[in-house]
Protein chains: 6
Amino acid sequence: MNNERYERGVQKFKEIKGEKGEEAIARLKELDPDLARYVIEFPFGDVYSRPGLDLRSREIATIAALIALGNAVLQLKVHIRSALNVGVSRREIIEIIIQMAVYAGFPAALNAIRAAKEVFEEVDREQKEKGTKNPEPKRLVPRLVKVNEKSRIRQNKNRRHRRVL
Amino acid sequence: MNNERYERGVQKFKEIKGEKGEEAIARLKELDPDLARYVIEFPFGDVYSRPGLDLRSREIATIAALIALGNAVLQLKVHIRSALNVGVSRREIIEIIIQMAVYAGFPAALNAIRAAKEVFEEVDREQKEKGTKNPEPKRLVPRLVKVNEKSRIRQNKNRRHRRVL
Amino acid sequence: MNNERYERGVQKFKEIKGEKGEEAIARLKELDPDLARYVIEFPFGDVYSRPGLDLRSREIATIAALIALGNAVLQLKVHIRSALNVGVSRREIIEIIIQMAVYAGFPAALNAIRAAKEVFEEVDREQKEKGTKNPEPKRLVPRLVKVNEKSRIRQNKNRRHRRVL
Amino acid sequence: MNNERYERGVQKFKEIKGEKGEEAIARLKELDPDLARYVIEFPFGDVYSRPGLDLRSREIATIAALIALGNAVLQLKVHIRSALNVGVSRREIIEIIIQMAVYAGFPAALNAIRAAKEVFEEVDREQKEKGTKNPEPKRLVPRLVKVNEKSRIRQNKNRRHRRVL
Amino acid sequence: MNNERYERGVQKFKEIKGEKGEEAIARLKELDPDLARYVIEFPFGDVYSRPGLDLRSREIATIAALIALGNAVLQLKVHIRSALNVGVSRREIIEIIIQMAVYAGFPAALNAIRAAKEVFEEVDREQKEKGTKNPEPKRLVPRLVKVNEKSRIRQNKNRRHRRVL
Amino acid sequence: MNNERYERGVQKFKEIKGEKGEEAIARLKELDPDLARYVIEFPFGDVYSRPGLDLRSREIATIAALIALGNAVLQLKVHIRSALNVGVSRREIIEIIIQMAVYAGFPAALNAIRAAKEVFEEVDREQKEKGTKNPEPKRLVPRLVKVNEKSRIRQNKNRRHRRVL
């Protein structure tokens, strides 16, 4: 039963997580098969599959929430990767984190920026290892970027705070 | 001193809060003049004024964080209004709230949806009172998400943080 | 679609909430039809319907969690009622609350005991209004714990989620 | 002074923690003698020693609260062990964790299930090392299970979700 | 039993709460006699009675913690009163609250300052009602901090709780 | 721009952090230059530089808040060091932690005491390494202790709970 939700969940999960999706599902299942099934079915098969909000906005919301909760560093790192996958830039992730200093306090923001830096370095390492397969490693963002994102990316080019990316 | 940051903060605050901005600043000052100054200077003069992330994404992040924190209903309601002001639709706000059931639990989501409903009703009342100035207030929150999404995307093209309501 | 989970959820919801269940579902739907559906389907259709843990233990866990979260007084009150419905005694609810002073601090415990007292008084009022149908409502919450424990253990034998009140 | 509470606390502590109790008290004392004394006296000498709620229900409440608090992994692991000691089965612990996805969110549940798995593996390792001393290592649960627990254990035999245990 | 701790707790409680202490204990007892006893015995009979930290510092710590916890407005208000009673000035309370914007976020600080203002107004009202006994209640909260600090130190000289400063 | 606030922030930061200040600022900048600037400007240039509350009380408030937040062990350790630097004694830090058991629960207090012990051991190690340069390593506290602190220190000499320091 519920095959439809599970299948839709797996698809959405992979769309968001990218090439790491398959492996992540396997790890979840090993942890607990029932909870793994619920993770796929409810958050991904139900919620993230809803048409009312684009994936980019969804990952922005999730990153903000995980920083505010403050006790889910592992999940925060996973979702920073997801955010990069669905078209949130590194600079934008840093902006969300800085903004969280306002709502969740500076310690939460500082812990989050440490987590983000670690993810960025991991991604850089992976890019490097793959070498020639990815000829332009710096164009990390795309994949699912929709039409209206293009103008945003263009916009980003001539902004000031470029140090990080 | 710090005049520049304060001025920029007031401007950004009003851009986000819309016509209620002036009154909100007055209320903050009455609460405590120093804390009010910091609220204007740091979150609005510094953070929200940074170019690296659009106001729409910023309000999505803030709403998600306030739901996750769970103890700031008043601020959540204020920011639901701000989100409407900077181009987040009612449907999208509902989507963020539903998504928060995944990360912060169902009680947090249920409390947030109650808050959102109250804000939407307040806004409707205000629209009605203003009467003929806004001839089609109901068109802004279409039921059918797919149709709505289209218009949002179109809308996004020519907004520079366009007031939705 | 998902009819099976929804139906099972409604049934489990009513089993736990007792006679107030129908009304509660209506209120949820009015708040937001989609979130209401998820509340019925996932927590009740999926989780509470799992055979691995009895409803009494489930409500004990939920009450403890809601006290620890500290920002869900409304849901806490709802689940104190549910706990009474599935066979947790008033004394046991008080015990859980007192225990939470250890893990979530005294303020959380004091707020919870206030909520519990309000629920107990509401239930008493309702009992009174129904009159002769429940001739000895007061006998259910004896002061002397030791005696009370005995009756609970006896009571547990022939309950199949027996309504305590 | 307060000798009585301390003695009662030590006894209750050991009843709950099992053979690891002695060592745990020593570690607490080394951390800080005064806080150690309060830990023994108030939570164990006062609260857990109260007759109004059985130890099994108390540990269910504590596990749920620690998952909801989300920042006490170490204590969660300690109490998962305690729960096993006082008659909560591994399957039941997994059920509580899955249920917490509803109230505290999926990240909290996923972190908790990771902690539980680690405890289960530790316990298995210890069982193995003791070898012949414990001829039936799989019957982990009992020890302090009281009379009314028996029927529950019987009940558990023919339930469906047995994969984990 | 435990008479000594309870008596010491009552005394410390009244020392901290001032003239409202008696009434507060009665209200606690009415809520739940057992939890009330623990509140008197452990926080006040044990912790606040320890000689290692002055009451002024203890109330500063408690106010900060309650703001950070964010879900205990009632207790925060009670402890703002206690802080005033043991020699923390209104200005200092405001300072702690502003500082909490850094660690717990601006919403927590804004909610706390609202609570503080309410307490200050209540205290002013009570002062007024008592009339001539306190001839210059307004002098306590001067606007200019530097001047204020001076008067606080002077003020501290002839108040009761002098051990501390 | 904002030079004045930044300079004041650096100075206050070093006053609080002591000899480790320089290094800490460098690490912050490496993490993210913008967030580092805000950390220096707002918490230290604005808040900690305000005259209305002494640094000793400020660090007491911060330690209490960080224990209550529960998800900022790193920052807690940093501020335990800061507290020692501005005249809070080890015994007083332990007292704040024990007091937090009342408000944030025993797990939060136990985690905090573990963190404090680690800091104390680090400081001892550092003292030892510096050897003859610091002839009286046990007189850790002073540095910025103001006049009115002297009486407190004197007072501390003949109190009972001296085990820890």
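Every heavy atom of this structure was used, including side-chain atoms; hydrogens, water molecules and symmetry mates were not. In what follows, chains are A, B, ... by sequence order, proteins preceding strands, each numbered from 1.
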Self-check item: Which atoms of D:Leu28 approach chain F - backbone, side chain, both or neither, heavy atom under 4.5 Å
Solution: side chain
Quiz item: For F:Glu22, does the CD atom have more than 12 heavy-atom neighbours from other residues, nucleotides or ligands under 6.0 Å away?
Solution: no
Practice problem: Heavy-atom distances under 4.5 Å only: say whether D:Leu74 touches chain F with side chain, backbone, both or neither. | Solution: side chain
Quiz prompt | Contact class of D:Leu69 relative to chain F, heavy atoms under 4.5 angstrom | solution = neither
Self-check item: Crowding at NZ, F:Lys77 (>12 non-hydrogen neighbours, <6.0 Å)
Solution: yes
Quiz item: Hey, is the main chain of D:Asp32 close enough, under 3.5 Å, to the side chain of F:Lys117 for a donor-acceptor pair?
Solution: no
Self-check item: Which portion of F:Leu110 sits near chain D, non-hydrogen atoms under 4.5 angstrom
Solution: both
Quiz prompt | From F:Ile113 atom CD1 to D:Leu35 atom CG, the distance as rounded to the nearest 0.5 Å | solution = 4.5 Å
Quiz item: At their closest point, which heavy atom of D:Asn71 faces which heavy atom of F:Asn111, and how far apart are they?
Solution: O-ND2, 3.4 Å
Quiz prompt | Point-to-point distance, once rounded to the nearest 0.5 Å, from CZ of D:Phe42 to CZ of F:Phe106 | solution = 6.5 Å
